[in-house]
2 protein chains.
Amino acid sequence: MPSSPQSTPKPLANLDFPRPLTTVDIVAFALRDERLHVLLVQRGSEPDEPFPGLWALPGGFVDVAKDATLADCALRKLREKTGVASPYLEQLGSFGSAARDPRGWSATHAYVVLIPAHLADTIAADASWFPIVGGGVKQKLAFDHDTILSVAITRLRNKVEYTSLPLYLMPAEFTLPELQRVYEIVLDRALEKSAFRTRMLSADVIEPVARTRKGPNRPAQLYRVKRAKAPTYFARTFNRPS
Amino acid sequence: MPSSPQSTPKPLANLDFPRPLTTVDIVAFALRDERLHVLLVQRGSEPDEPFPGLWALPGGFVDVAKDATLADCALRKLREKTGVASPYLEQLGSFGSAARDPRGWSATHAYVVLIPAHLADTIAADASWFPIVGGGVKQKLAFDHDTILSVAITRLRNKVEYTSLPLYLMPAEFTLPELQRVYEIVLDRALEKSAFRTRMLSADVIEPVARTRKGPNRPAQLYRVKRAKAPTYFARTFNRPS
DNA sequence: TGAATAGTGTCTGTTAGACACTATACT
DNA sequence: AGTATAGTGTCTAACAGACACTATTCA
C-alpha cells in the first residue's frame, strides 16, 4: 500500500506521519605529520545523549530555518568546527536506518571535505584530528560513524588513483616530491617518481612559482595550484600492485 | 527488530523541532529499442498534490514502520513499480533543500537501478519508460527530478567508461556485438570493435554458452554473465575523442 | 557469388613502471 | 669530496585506436 490514505480532507496531502530524523555528517580529512587524519568531536557526556563521551564525526541536525540546502548545512557545520570557508566538498552518500540512532529512525547525509595543510590547525576547541590507521581510526565511534568513515576512506583512496584531489590537501606552495609523498600517504604505497612527475606536469593543474624549497641538498622547485582549476580526472589509474 | 531498548519514554535530548520530509527516489534505467530509457510515474492530478499531473521519478516517503534501511525503502518502491527483485542498485546521492518540495523542507535519497532487458516490461500500469534524449527526458519533471536524472545520466556515462556495468542491462544471453552496441548507446559514441572485445574477454566477466545467435549473416557467439560477479573496474577509460 | 556481419591480426600511440643517470645543493 | 635529494632519459609493458584482413552465414 502506498502511504497516501485519502481520508483526511486537508488542503495539502496528509503529511501527518512520523518523519525520520535528518542529519548531516562531515568526514574532514587533512594531512598532519605524514599521516592522514580525520576530524572528530566528542559527544556530550550527559546520559540523555546517545553515545555519551564517544568520539563522532562532526555534524548534526538539519536546521530548516538556517539551512537552505544540505550542502549549506554541511558548510555551516564545518565552519562551526574549523572556521574553514570553502574547501573541497563532496557528497559521500547517505546512511539511514531504524537502528543507527537510538532516538529513532534517522538518515544522515555524509560529506567528505579536504582541508589544506595550512588550515588544519584552525579548529574549534572541542574538535581534534585523529590519525587514520588502516581502514579507520583506533577509537570506536558513535552511531554508524565507523562505517561512514570507512566508506569515505575507500572512496578517497579510489579517487586518488585517478584524480588530482590531493592538491586540496596541500599548502599554498609545495614541491613535486612533497605532492608525491601525499599521494603515497593516502594510497599507502610507493609511487614511481618519473611517472608521477610526468602525469602531474602534463595535467596542467599546477604551475611553478619563482622560488625553491631549500634543504640540506638540491633545492626543489616550488609549485602552486593553478587558479580555478576543477579536480582533474586522469584516463588511467596508477597501476596497482599485482 | 531485535535490540530496541527504548520501552520507556526516556528523557532523551529534546527532539521537538521541525523535521524535513524524507523521501527516496529511484532512477531506473533500461534499454528498449536501441535507446536508454528511464522509468517515470505520473503524479496524481488532485490539486492538493504538488506538481499534479507531471511525470516524476518513482519514489516516496520513507515509511519508518516498513523500511528498516534506506536501501530497503528503495527496493520496496522499485518492487511496487516493476516487480523486479534484486537488480543492480547503487546510491546516487541525496538532494535536500527548503525549496524543492512545496510541502516543506525535504531531502530525498536517490538511487540508480539498472533493469535487465527481459524485465523491463514487467512494470506497474501507472509507470512508463521514457527515452533519454541528450542529458535528460523531453518532459519537464516534478520537483528537482530533472536535476536528479541529469546527475544520474552523467554518473552512468562516466562509470560505463571504465566498468562492466552495462552487463546489468543485458538479457540472459547476448552476443559481443550486442554488448558493444549497449555501451555505444549509453556513451553515445562509437567504440572500436577490436579493443572492445579484448577488454571484455580479458576481464573474465562473461563466458560463452554453447549456442550462437543466427541471423542473415555469420552467426555470433552467445555469452552470459559469469555468476556472482561484482562489476569489474578497468584501469583505463576508453579514450575519449579529442 | 555477393552482401553482411563476426571475429582476428598487425601496427601505432600513449602512458605507467623500472631504473639508471645527471644536477645541485649542503656539510 | 661525499651525501642526499631533485630531476631527466631510456627502455619495456600494457592496452586503446585504426584498420585491414579473414570467417561464416544467408539469399
Side-chain angles (χ1 to χ4, degrees), chain A residues 34 158 160-164 166 170 173-184 187-224 232-242, chain B residues 34 158 160-164 166 170 173-184 187-224 232-242:
Chain A
E34 301 264 296
N158 278 336
V160 167
E161 293 277 355
Y162 59 92
T163 66
S164 62
M170 304 305 290
E173 297 185 351
F174 52 88
T175 69
L176 272 176
E178 285 165 1
L179 180 59
Q180 179 175 351
R181 190 81 194 94
V182 171
Y183 270 83
E184 293 175 337
L187 295 177
D188 196 26
R189 74 171 197 267
L191 295 178
E192 221 288 317
K193 177 170 54 165
S194 167
F196 180 83
R197 298 174 69 94
T198 305
R199 168 182 279 209
M200 284 304 149
L201 290 174
S202 61
D204 193 42
V205 283
I206 58 176
E207 58 191 1
V209 298
R211 295 181 50 230
T212 55
R213 167 93 70 230
K214 308 265 184 213
N217 41 41
R218 175 172 174 177
Q221 177 66 49
L222 279 166
Y223 292 84
R224 68 172 171 220
T232 293
Y233 286 70
F234 302 102
R236 303 175 51 171
T237 64
F238 293 112
N239 287 4
R240 288 154 199 259
S242 54
Chain B
E34 301 264 296
N158 278 336
V160 166
E161 293 277 356
Y162 60 91
T163 66
S164 64
M170 304 306 289
E173 296 185 352
F174 52 88
T175 69
L176 272 176
E178 285 165 1
L179 180 59
Q180 179 175 350
R181 190 80 194 94
V182 171
Y183 270 83
E184 292 175 338
L187 294 178
D188 197 26
R189 74 171 196 268
L191 294 179
E192 221 289 317
K193 178 169 54 163
S194 166
F196 180 82
R197 297 175 69 94
T198 306
R199 168 181 282 210
M200 284 304 149
L201 290 175
S202 60
D204 193 41
V205 284
I206 58 178
E207 59 191 359
V209 298
R211 295 179 50 228
T212 55
R213 168 92 71 230
K214 308 264 185 216
N217 41 41
R218 173 170 176 178
Q221 177 65 52
L222 279 166
Y223 292 85
R224 68 171 171 221
T232 294
Y233 287 71
F234 302 102
R236 301 175 52 170
T237 63
F238 292 112
N239 286 4
R240 295 181 150 98
S242 52

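Just so you know, these numbers use all the heavy atoms, side chains as well, and skip hydrogens, waters and symmetry mates. In the text below, chain A, chain B and the rest are named by the order of the sequence lines, each starting its count at 1. Predicted model only: the values in this text are computed from it and were never measured.
B:Val160 approaches B:Phe238 most closely through the heavy-atom pair O-CE1, 4.1 Å. When all heavy atoms of A:Thr198 and A:Ser194 are compared, the pair lying nearest together is OG1-O, 2.9 Å. Among all heavy-atom pairs drawn from B:Tyr162 and B:Arg236, the shortest one is CB-O, 3.9 Å.
Regarding B:Arg181, its CZ atom lies at a distance of 12 Å from the P atom of C:dA6, rounded to whole Å. Note: CZ (A:Phe196) to P (C:dG17) measures 11 Å, nearest angstrom.
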Under-3.5 Å N/O pairs linking protein and nucleotides 13-15 of chain D:
{"unit_1": "D:dC15", "atom_1": "O4'", "unit_2": "B:Arg236", "atom_2": "NH1", "d": "3.2"}
{"unit_1": "D:dC15", "atom_1": "O2", "unit_2": "B:Arg236", "atom_2": "NH1", "d": "3.3"}

Pick out the pairs of N or O atoms, protein on one side and nucleotides 20-24 of chain D on the other, that lie under 3.5 Å.
{"unit_1": "D:dA23", "atom_1": "O4'", "unit_2": "B:Arg218", "atom_2": "NH1", "d": "3.3"}
{"unit_1": "D:dA23", "atom_1": "N3", "unit_2": "B:Arg218", "atom_2": "NH1", "d": "3.0"}
{"unit_1": "D:dT24", "atom_1": "O2", "unit_2": "B:Arg218", "atom_2": "N", "d": "3.4"}

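Remark: side-chain polar atoms of B:Thr232 are not paired, donor with acceptor, to backbone N or O of B:Ser164 under 3.5 angstrom.
For A:Glu192, the side-chain hydrogen bond (donor to acceptor under 3.5 Å, both in side chains) test picks out no residue, with sequence neighbours left out. By the side chain to side chain contact (heavy atoms under 4.5 Å, CB included) test, B:Arg181 is found to be paired with B:Glu34, B:Glu184, B:Ile185, residues two or more places apart in sequence or in another chain being considered.
For A:Ala220, the listed nucleotide lying nearest its side chain is D:dA6; candidates were C:dA6, C:dG17, D:dA6.
Between B:Leu222 and A:Pro216, it is B:Leu222 whose nearest contact on DNA chain C lies nearer the 5' terminus.
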List the atom pairs, donor and acceptor, that lie under 3.5 Å between side-chain atoms in residues 206-216 of chain B and the rest of the protein, sequence neighbours left out.
{"unit_1": "B:Glu207", "atom_1": "OE2", "unit_2": "B:Arg224", "atom_2": "NE", "d": "3.0"}
{"unit_1": "B:Glu207", "atom_1": "OE2", "unit_2": "B:Arg224", "atom_2": "NH2", "d": "3.4"}
{"unit_1": "B:Arg211", "atom_1": "NH1", "unit_2": "B:Glu173", "atom_2": "OE1", "d": "2.6"}
{"unit_1": "B:Arg213", "atom_1": "NE", "unit_2": "B:Glu178", "atom_2": "OE2", "d": "2.8"}
{"unit_1": "B:Arg213", "atom_1": "NH2", "unit_2": "B:Glu178", "atom_2": "OE1", "d": "3.1"}
{"unit_1": "B:Arg213", "atom_1": "NH2", "unit_2": "B:Glu178", "atom_2": "OE2", "d": "3.2"}

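Applying the ring-ring contact (aromatic ring centres under 6.0 Å, His included) test to pairs two or more places apart or on separate chains, those with a residue in residues 195-223 of chain B are B:Tyr183-B:Phe196.
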